[in-house]
Amino acid sequence: MNKDVLAYVQEKTKELMAASSCCQEAKDAAQAWLNAVGTEKEAEETGKYIAELEEDIITVDGLIAFAGSEAGKNKFGAEMAAGLAKHGQELKAAGAKYCDCPACAAAEAILSKKDEMLK
């Protein structure tokens with residue numbers, strides 16, 4: 001991976017880890033990747049990191065569905081869940097593919113460099 005892509009992904013990885021919406025599994029994969037950069041484990045950890053991000057990133061449709069579900073209402077409260085569902089509909093109408101919370105935004109940015117990361 002070239003140095004510009006590496007620097008970009010490292011920056012976005014730190015943003016991901018700082019996001020309150022980032023799950024622990026993604027934080028752990030991010031830290032393992034950061035620790036492996038420049039070592040013989042870098043390629044292996046890069047693959048694991050990408051797989052974790054692809055598993056965790058939430059599509060707009062997933063956001064809408066979760067926010068409208070009982071589980072979403074229980075997690076966020078009815079009012080906030082309704083607001084998230086509305087926000088998801090607005091994102092979808094604007095053509096967005098993914099949730100725009102800080103964790104998903106960072107994951108999307110990192111995954112946009114997937115091909116370069118795997119070189």
Side-chain angles (χ1 to χ4, degrees):
M1 162 176 7
N2 79 41
K3 67 178 184 171
D4 292 334
V5 171
L6 178 61
Y8 178 83
V9 174
Q10 286 173 317
E11 176 185 334
K12 293 299 176 183
T13 295
K14 290 173 185 168
E15 289 176 20
L16 173 81
M17 293 173 69
S20 62
S21 52
C22 185
C23 69
Q24 190 60 50
E25 293 86 355
K27 287 181 183 184
D28 292 345
Q31 188 62 61
W33 178 78
L34 286 170
N35 292 345
V37 170
T39 73
E40 69 282 350
K41 290 191 163 218
E42 182 175 345
E44 176 186 348
E45 290 300 328
T46 297
K48 289 178 183 179
Y49 186 34
I50 289 170
E52 183 65 36
L53 293 177
E54 289 176 335
E55 183 179 317
D56 292 347
I57 194 167
I58 306 296
T59 64
V60 170
D61 287 335
L63 171 64
I64 294 165
F66 184 69
S69 72
E70 283 305 310
K73 291 173 189 169
N74 289 337
K75 179 167 178 72
F76 300 114
E79 187 175 325
M80 185 172 188
L84 286 171
K86 181 180 180 202
H87 178 66
Q89 292 289 354
E90 292 167 352
L91 289 172
K92 187 173 183 171
K97 184 175 179 181
Y98 296 107
C99 169
D100 65 347
C101 75
C104 287
E108 184 176 15
I110 293 163
L111 289 172
S112 75
K113 302 295 186 187
K114 175 182 172 178
D115 292 341
E116 292 95 330
M117 292 173 71
L118 294 171
K119 287 183 179 176

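This one's a predicted model, so the numbers in the text were calculated from it and none came from an experiment.
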Tell me whether Ile57 is reachable from Val60 by hopping between hydrophobic residues (I, L, V, M, F, W, Y) whose side-chain heavy atoms are closer than 4.5 Å.
no
Would a 4.5 Å heavy-atom cut-off, applied to side chains only, mark Glu45 and Thr39 as touching?
no
To the nearest 0.5 Å, atom OG1 of Thr13 lies from atom CG of Leu6 at 9.0 Å
The reported gap from OH in Tyr98 to CG in Leu111 (rounded to nearest 0.5 angstrom) is 7.0 Å
Rounded to the nearest 0.5 Å, the CG atom of Leu63 sits from the CG atom of Asp100 at a distance of 8.0 Å
>> When you compare the side chain of Val9 with that of Val37, does any pair of heavy atoms fall below 4.5 Å?
In response: no
Hits for salt bridge (charged side-chain N to carboxylate O under 4.0 Å, His left out) against Lys113, two or more places apart or cross-chain, chain-then-number order -> none
| Side-chain touch Tyr49/Gln31, heavy atoms, less than 4.5 angstrom | no
Note to self: Please determine whether side-chain contact (heavy atoms from CB on, under 4.5 Å) holds for the pair Met1 and Glu42, giving the CA-CA distance in whole Å, both sets of side-chain angles, and the decisive distance to 0.1 Å.
What the structure shows: CA-CA 10 Å; Met1 162 176 7; Glu42 182 175 345; 3.7 Å; yes
CD (Glu11) and CD1 (Ile110) are apart, to the nearest 0.5 Å, by 10.0 Å
Quick check: is Ile58 connected to Leu53 through a chain of hydrophobic side chains (ILVMFWY, heavy atoms under 4.5 Å apart)?
no
Q) Is Lys48 salt-bridged to Glu52, cutoff N-O under 4.0 Å? A) no
Hey, does the side chain of Glu108 reach the backbone of Cys104 with a donor-acceptor pair shorter than 3.5 angstrom?
no
- prompt: Ignoring hydrogens and geometry, is there a side-chain-to-backbone donor-acceptor pair from Ser21 to Ala103 under 3.5 Å?
  reply: yes
Between the CG atom in Leu84 and the NZ atom in Lys75, the distance rounded to the nearest 0.5 Å is 10.5 Å
Closest heavy-atom pair, Ala26 versus Leu16, reported as atoms and distance to 0.1 Å, is O-CD2, 4.4 Å
- Query: Are there more than 12 heavy atoms of other residues, nucleotides or ligands under 6.0 Å from atom CD of Gln24?
  - Reply: yes
Next on the checklist: Below 30° counts as parallel, above 60° as perpendicular, anything between as tilted: where do the rings of Phe76 and Phe66 land?
Outcome noted: perpendicular
Might you work through the side-chain contact (heavy atoms from CB on, under 4.5 Å) test for Leu34 and Met17, ending with a clear yes or no?
CA-CA 11 Å; Leu34 286 170; Met17 293 173 69; 3.7 Å; yes
Across all chains, not counting sequence neighbours, the salt bridge (charged side-chain N to carboxylate O under 4.0 Å, His left out) partners of Asp61 are Lys92
Residues passing the side-chain hydrogen bond (donor to acceptor under 3.5 Å, both in side chains) test with Lys14, sequence neighbours excluded, are none
